[in-house]
Amino acid sequence: ARCHIGPVLCGSMSHCAGSGRRRGGGRRENQYGVRAVRGDDGAVSEGPVRLVYLCLEVAGCPTVCRHCWAQGTGYGMMPLADVEWVLARAHEYCDGRGLGFDSYPMHELAAHPDAAELFGLFNSHSGTVAGGTMFEPWPTTGVPLALREDWGDVLRAAAGTGTKCLWLAFHGVGEVHDRQVSRPGAYAESCLAAERAHDAGLSVGCNIFLTRDSLSQLDELIGVVGR
């Protein structure tokens, strides 16, 4: 399992302490060697760092979506004890320096064997949810909820910590969807996850991705979403 704690915290710490490298003209250089202050790289800012946001890679994806910005793959699972340790130490560090702390589990929480424990754990370390939940809506491929025998426990844990809506993604119908997520049967599994979410009292929403292959299926997709 992987963890982004190094680059996230190191970049934020050095900036907060005012020790970022400087080159000619007194301009700060970020960790990528780009001297100009840019609004899209996050490594350099005109103001002080007030919040550290940690993306913790706790569970790989059973799908490999062609569009995925996060490049999620089926890597192994981070043990629950390790997740707890990293969150506690990172939060402790931030508290000791007057920094806010927030974290989110990547890439597919529902695939983690201890998924039911993770909702409350991550919410307890969030400095931005203010007693609510960061999993509203809860984005997932839905595939793990179709495969797990304890899917009811996972959905009840989500609902018990404030989740009201499961958020899926459809890239088409049937094999068109399956091909986009690199998993045979994924469309049927996502549909089953939606049914199970409804059984657990949750609503279901989704993104629809339109491509040359799925455009001709738009009416059918609208019908699927309507159900």
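Every value quoted in this text rests on a predicted model; they were computed, and no experiment measured them.
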Is there a path of hydrophobic side-chain contacts, each under 4.5 Å between heavy atoms of I/L/V/M/F/W/Y residues, joining [Y] to [X]?
{"X": "Met106", "Y": "Leu145", "answer": "yes"}
{"X": "Leu109", "Y": "Leu192", "answer": "no"}
{"X": "Tyr104", "Y": "Met78", "answer": "yes"}

Name every donor-acceptor pair, under 3.5 Å, that has one atom in a side chain of residues 157-173 and the other anywhere in the protein, sequence neighbours excluded.
unit_1 : atom_1 : unit_2 : atom_2 : d
Thr161 : OG1    : Ala157 : O      : 3.1
Thr161 : OG1    : Ala158 : O      : 3.0
Thr163 : OG1    : Phe135 : O      : 2.7
Thr163 : OG1    : Ala158 : O      : 3.4
Trp167 : NE1    : Asn207 : OD1    : 3.1

Give me the atom names and distance for the closest heavy-atom approach of [X] to [Y].
{"X": "Ala194", "Y": "Val204", "result": "O-CG2, 3.8 Å"}
{"X": "Cys94", "Y": "Phe101", "result": "SG-CD1, 3.8 Å"}
{"X": "Ala111", "Y": "Gly60", "result": "CB-O, 3.7 Å"}
{"X": "Leu155", "Y": "Ala200", "result": "CB-CB, 3.8 Å"}
{"X": "Gly185", "Y": "Asp178", "result": "N-OD2, 3.0 Å"}

Would you mind reporting whether [Y] and [X] have side-chain heavy atoms less than 4.5 Å apart?
{"X": "Ser190", "Y": "His177", "answer": "yes"}
{"X": "Phe122", "Y": "Leu56", "answer": "yes"}
{"X": "Pro144", "Y": "Glu108", "answer": "yes"}
{"X": "Asp82", "Y": "Val58", "answer": "no"}
{"X": "Tyr187", "Y": "Val176", "answer": "no"}
{"X": "Asp114", "Y": "Leu121", "answer": "no"}
{"X": "Leu54", "Y": "His125", "answer": "no"}
{"X": "Thr128", "Y": "Met134", "answer": "no"}

ask   = Should the heavy atoms of other residues, nucleotides or ligands under 6.0 Å from CD of Glu136 be counted, would the total exceed 12?
value =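 More than 12 heavy atoms, drawn from other residues, nucleotides or ligands, come within 6.0 Å of this atom.
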Between [atom1] on residue [X] and [atom2] on residue [Y], distance to nearest 0.5 Å:
{"X": "Glu57", "Y": "Tyr75", "atom1": "CD", "atom2": "OH", "value": "4.0 Å"}
{"X": "Glu175", "Y": "Gln180", "atom1": "CD", "atom2": "CD", "value": "13.0 Å"}
{"X": "Ser214", "Y": "Ile208", "atom1": "OG", "atom2": "CD1", "value": "9.0 Å"}
{"X": "Gln217", "Y": "Ile222", "atom1": "CD", "atom2": "CD1", "value": "12.0 Å"}
{"X": "His91", "Y": "Leu99", "atom1": "NE2", "atom2": "CG", "value": "10.5 Å"}

key: Where at least one partner belongs to residues 150-160, residue pairs that pass side-chain hydrogen bond (donor to acceptor under 3.5 Å, both in side chains), sequence neighbours excluded   =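 Qualifying pairs, neighbours excluded: Arg148-Asp150, Asp153-Arg156.
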query = Hey, which of Leu215, Leu210, Thr211 is the one that makes side chain to side chain contact (heavy atoms under 4.5 Å, CB included) with Asp213?
reply =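 Single pass found, and it is Thr211.
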Donor-acceptor contact below 3.5 Å, side chain [X] vs main chain [Y]:
{"X": "Arg50", "Y": "Gly100", "result": "no"}
{"X": "Asp102", "Y": "Tyr53", "result": "no"}
{"X": "Thr63", "Y": "Cys65", "result": "no"}

task = Start with the C-alpha gap between Arg183 and Thr141, add the side-chain angles, then the distance that decides, and say whether side chain to side chain contact (heavy atoms under 4.5 Å, CB included) holds.
result = CA-CA 11 Å; Arg183 179 181 174 84; Thr141 65; over 6 Å; no
